[in-house]
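What follows is a set of notes on a single structure, which appears directly below.
Computation of the quantities below employed the complete heavy-atom set of this structure, encompassing side-chain atoms and omitting hydrogens, waters and symmetry-equivalent molecules. No experiment lies behind these values; they were computed from the predicted model shown.
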Amino acid sequence: MRHHLKPLIALSCTALLLSACGESPNARSSNTGSEAPSELVFAVVPTDNSEELLSSFEPVVAAIEEEAGIPVSIQAVSNNAGVIEAQVSQRVDVAVYGAFSYYLASDVADVTPIAMDQLTPEAGSGAVSSVGVTIPGSDITSLADVDGKDVCFTDPASTTGYLAAAAGLIEEGIDPEDDINPVFTGSHDVAVTQMIAGDCDIAFVAQTFVDVLLPARGVIEDGDTETIWVSDGIPGTPMVVGTWLPEDLQESIRRAMSEYNAVTAAEAGFCADEDQRPAPEQWGDEYTDAMACEWGGTGAFAFEPATDESYDPIREICEATQAEVCRDDS
């Protein structure tokens, strides 16, 4: 494992941690690694403005507490850099954030992924894609038409909201820094709504926001957007643990994720009756009429096993884009 402090983190720690850690991963002092902790700190990073993020992870935390036998405190942190820096100092034991954040964290902290989103009972169903969306009837019908346009992205460090799209533009011969006017909106939902409002000609966001989340929240309706590009699949959202934790404690977290899913978590009482929902149709006939907990920020069916190699596609995107956020200039 490399241990260079990347520019992103080095530059952000002073400024970003002041805001991020104020709401966050300072629950205990730096862990020396000499003793097993009496409590685990679990951090999540919102991918949009959902106020339901923490409650969706409460059943996941309950499953870990059941298997680990110690309390788990959960904290939402407003940016990835804050969580990564806390992992460097061993103040966050378990984290769920974007795939690119794991790529960054793996370079500076002793962490490893143990699981990733599985949206349906089918293995691999948690893979995500980036999409380029326009208003219907736009003169942009392919990536080639994006040259010279105002383009809404989410964040320079977002895989689905920038990096995958940047790799696609580069493959099309378009420099994502010099040949377009990039507009970074900070979140997927804002990128889409700003595109619809006319602040940019096209928006690149995670596909699930356009197809599922924003329609479900009533933010957009059928016909508000037109998808003109879809990226290759990107590994699902990782759950990352600190390897400074005793191996038996790491194993108990893995066991919690393998033994429980959204349905068995509901059966185990990890979410209250009023917080349960009917299993969605896409989970298949086996789960018809079953009730389920919200199982993480994406409403997944389960977390399936993951390893460092699961995130090689992120490394390939960084090699293609040579994006500044990917570089190790130390």
Side-chain angles (χ1 to χ4, degrees), residues 2 4-12 15-16 47 79-81 84 98-104 106-107 127-207 209-210 225-235 311-330:
R2 296 167 292 167
H4 305 294
L5 202 58
K6 287 189 172 186
L8 170 69
I9 298 171
L11 292 174
S12 64
L16 294 181
T47 55
N79 64 69
N80 297 304
I84 294 172
F100 181 68
S101 294
Y102 167 66
Y103 167 82
L104 294 176
S106 67
D107 203 22
V128 298
S129 295
S130 172
V131 295
V133 295
T134 66
I135 58 171
S138 166
D139 60 355
I140 301 176
T141 59
S142 70
L143 286 189
D145 300 325
V146 178
D147 193 6
K149 301 295 187 182
D150 296 329
V151 181
C152 279
F153 298 110
T154 63
D155 184 285
S158 169
T159 310
T160 53
Y162 177 68
L163 290 169
L169 290 170
I170 289 171
E171 187 174 352
E172 195 63 41
I174 299 171
D175 188 319
E177 295 182 357
D178 296 331
D179 294 338
I180 63 173
N181 176 33
V183 179
F184 291 101
T185 65
S187 66
H188 298 259
D189 47 354
V190 175
V192 173
T193 54
Q194 285 198 197
M195 185 279 294
I196 293 174
D199 294 335
C200 52
D201 300 301
I202 183 171
F204 289 97
V205 296
Q207 186 171 26
F209 280 87
V210 176
T225 64
E226 182 173 350
T227 299
I228 63 95
W229 175 80
V230 181
S231 75
D232 292 336
I234 299 165
Y311 293 90
D312 283 346
I314 306 301
R315 299 181 177 90
E316 293 167 2
I317 289 173
C318 278
E319 289 174 3
T321 62
Q322 292 294 303
E324 184 176 355
V325 293
C326 297
R327 295 174 193 156
D328 184 350
D329 295 331
S330 60

Close side-chain approach of [X] to [Y], heavy-atom, < 4.5 Å:
{"X": "Thr134", "Y": "Asp201", "value": "no"}
{"X": "Val151", "Y": "Val146", "value": "yes"}
{"X": "Asp150", "Y": "Asp199", "value": "no"}
{"X": "Ile234", "Y": "Gln207", "value": "no"}

Legend entry - Counterpart residues, side chain to side chain donor-acceptor pair (under 3.5 Å), relative to Thr160 (two or more places apart): none
Inset, instruction - Applying side chain to side chain donor-acceptor pair (under 3.5 Å), name anything that partners Asp178, two or more places apart in sequence or on another chain. - result: none
Measuring from atom [atom1] of [X] to atom [atom2] of [Y], what distance do you get when rounded to the nearest 0.5 angstrom?
{"X": "Ile202", "Y": "Cys152", "atom1": "CD1", "atom2": "SG", "value": "10.0 Å"}
{"X": "Thr159", "Y": "Tyr103", "atom1": "OG1", "atom2": "OH", "value": "11.0 Å"}
{"X": "Gln194", "Y": "Asp189", "atom1": "CD", "atom2": "CG", "value": "10.0 Å"}
{"X": "Trp229", "Y": "Ile140", "atom1": "CH2", "atom2": "CD1", "value": "13.5 Å"}
{"X": "Asp145", "Y": "Glu172", "atom1": "CG", "atom2": "CD", "value": "8.5 Å"}
{"X": "Met195", "Y": "Ser138", "atom1": "CE", "atom2": "OG", "value": "8.5 Å"}

Legend entry - Heavy-atom donor-acceptor pair, His188 side chain to Ala206 backbone, under 3.5 Å: yes
Considering non-hydrogen atoms only, spot the tightest contact between [X] and [Y] and give its length.
{"X": "Tyr162", "Y": "Pro156", "result": "CD2-O, 3.4 Å"}
{"X": "Pro235", "Y": "Val128", "result": "O-CG2, 4.2 Å"}
{"X": "Thr321", "Y": "Cys326", "result": "OG1-SG, 4.4 Å"}
{"X": "Leu169", "Y": "Pro176", "result": "CD1-CB, 4.3 Å"}
{"X": "Ala191", "Y": "Thr154", "result": "CB-CG2, 4.3 Å"}

Inset, instruction - Classify the ring geometry between Phe204 and Phe153 as parallel (under 30°), tilted (30 to 60°) or perpendicular (over 60°). - result: parallel
Inset, instruction - Report, as yes or no, whether the 6.0 Å neighbourhood of atom CG on Asp147 holds more than 12 heavy atoms from other residues, nucleotides or ligands. - result: yes
Legend entry - Partners passing salt bridge (Lys or Arg N to Asp or Glu O under 4.0 Å) against Asp312 (at least two apart in sequence or in another chain): Arg315
Legend entry - Partner of Lys149 under side-chain hydrogen bond (donor to acceptor under 3.5 Å, both in side chains), chosen from Asp179, Asn181, Asp139: Asp139
